[in-house]
Amino acid sequence: MRTCSRAEAILWSIAFPGFGQLLNGRYIKGLLLVALEFVINDQARLNQLIMNSFHGDITRAIADTDYQWLLFYPCIYMFAIWDAYRDAGGGQSPYAVVPVVFGAYFGTIGVIYSSNWAGAMFLGLAGMLVGLGVGQVIKWLLTRRSLGDLTRS
């Protein structure tokens with residue numbers, strides 16, 4: 001089975017969840033993620049949300065979005081990126097998944113509160129970025145703690 005480079009896997013997964021898996025030869029998983037992308041995108045009206053947000057019509061973006069469906073998106077999106085990266089040989093260090101999990105969690109929190117403020121696209125993305133940063137700090141702390149435990153043994 002051919003795998004793509006880690007960077008290629010991440011970039012294609014950012015562009016479209018499931019593409020990194022397809023490049024890595026994980027066809028069933030890739031097709032499932034592509035199908036989930038289509039279903040969630042359609043049901044949440046994600047493309048309309050993106051267009052309205054970029055045009056500055058946040059009120060309409062909020063009104064047109066189905067938040068019950070959109071809440072699934074940050075987790076599926078971040079999982080697709082992580083999984084493609086891992087299948088391409090990345091993420092082998094301890095706690096490597098922690099930033100991605102926190103990115104998904106904070107992205108979901110951003111989507112929850114976005115109907116009251118900046119719209120799901122901007123607050124969801126901001127939540128993902130903050131979550132990645134918080135997760136990176138937690139990963140660093142966990143790794144440091146583990147290394148401290150090893151030196152005491």
Legend entry - Side-chain donor/acceptor of Y95 to backbone N/O of W140, under 3.5 Å: no
Legend entry - Minimum side-chain heavy-atom gap C75-T108 below 4.5 Å: yes
Legend entry - Minimum heavy-atom distance between L123 and G110, given as atom pair plus value: CD2-O, 3.5 Å
Inset, instruction - Quick one: pull up CZ in F79 and CD1 in I81 and give me the separation to the nearest 0.5 Å. - result: 11.5 Å
Legend entry - Cluster link V130 to Y105, ILVMFWY, side chain under 4.5 Å: yes
Inset, instruction - For a side-chain contact (heavy atoms from CB on, under 4.5 Å) with N41, tell me which candidate from L49, N47, L70 qualifies. - result: N47
Inset, instruction - Flag yes if V134 and V101 sit in one hydrophobic cluster, no otherwise; membership is Ile, Leu, Val, Met, Phe, Trp, Tyr, and two members link when side-chain heavy atoms are under 4.5 Å apart. - result: yes
Legend entry - Shortest non-hydrogen contact between A80 and S13, atoms and distance: O-OG, 3.5 Å
Legend entry - ILVMFWY network linking V100 to I10, side-chain heavy atoms under 4.5 angstrom: yes
Inset, instruction - Indicate, with yes or no, if I109 and V137 share a hydrophobic cluster defined by side-chain heavy-atom contacts under 4.5 Å among Ile, Leu, Val, Met, Phe, Trp and Tyr. - result: no
Legend entry - E37 side chain to A35 backbone, donor-acceptor under 3.5 Å: no
Legend entry - Sub-4.5 Å side-chain heavy-atom contact between F102 and L132: no
Inset, instruction - For residues C4 and A88, report the shortest heavy-atom separation together with the two atoms involved. - result: O-CB, 3.3 Å
Inset, instruction - Report the distance from atom CD1 of I76 to atom CG of L71, rounding to the nearest 0.5 Å. - result: 12.0 Å
Inset, instruction - Report yes if the side chains of Y77 and M128 come closer than 4.5 Å at any heavy-atom pair, otherwise no. - result: yes
Legend entry - Separation of F16 CZ from L33 CG (nearest 0.5 Å): 10.0 Å
Legend entry - Nearest-0.5 Å distance, OH of residue Y67 to OH of residue Y73: 15.0 Å
Legend entry - Heavy-atom pair of closest approach, residues R6 and G89: NH2-O, 3.0 Å
Legend entry - Shortest non-hydrogen separation from S114 to I62 and the atoms involved: O-CD1, 3.6 Å
Inset, instruction - Quick one: which residue pairs count as a salt bridge (charged side-chain N to carboxylate O under 4.0 Å, His left out) with a foot in residues 63-81, not counting sequence neighbours? - result: R60-D64
Legend entry - Side-chain heavy-atom pair N24, K29 within 4.5 angstrom cut-off: no
Legend entry - Single-linkage hydrophobic cluster V34~Y27, side-chain heavy atoms < 4.5 angstrom: yes
Legend entry - Minimum side-chain heavy-atom gap F122-S53 below 4.5 Å: yes
Legend entry - pair V39-W69: side-chain heavy atoms closer than 4.5 Å: yes
Inset, instruction - With rounding to the nearest 0.5 Å, note down the distance linking CD in Q48 to OG1 in T65. - result: 8.5 Å
Legend entry - Side-chain heavy atoms of K139 within contact of T143, under 4.5 Å: yes
Legend entry - Side-chain ion pair, D83 and R26, N-O less than 4.0 Å: no
Inset, instruction - Check whether any side-chain N or O of N52 sits under 3.5 Å from a backbone N or O of D57 as a donor-acceptor pair, and report yes or no. - result: no
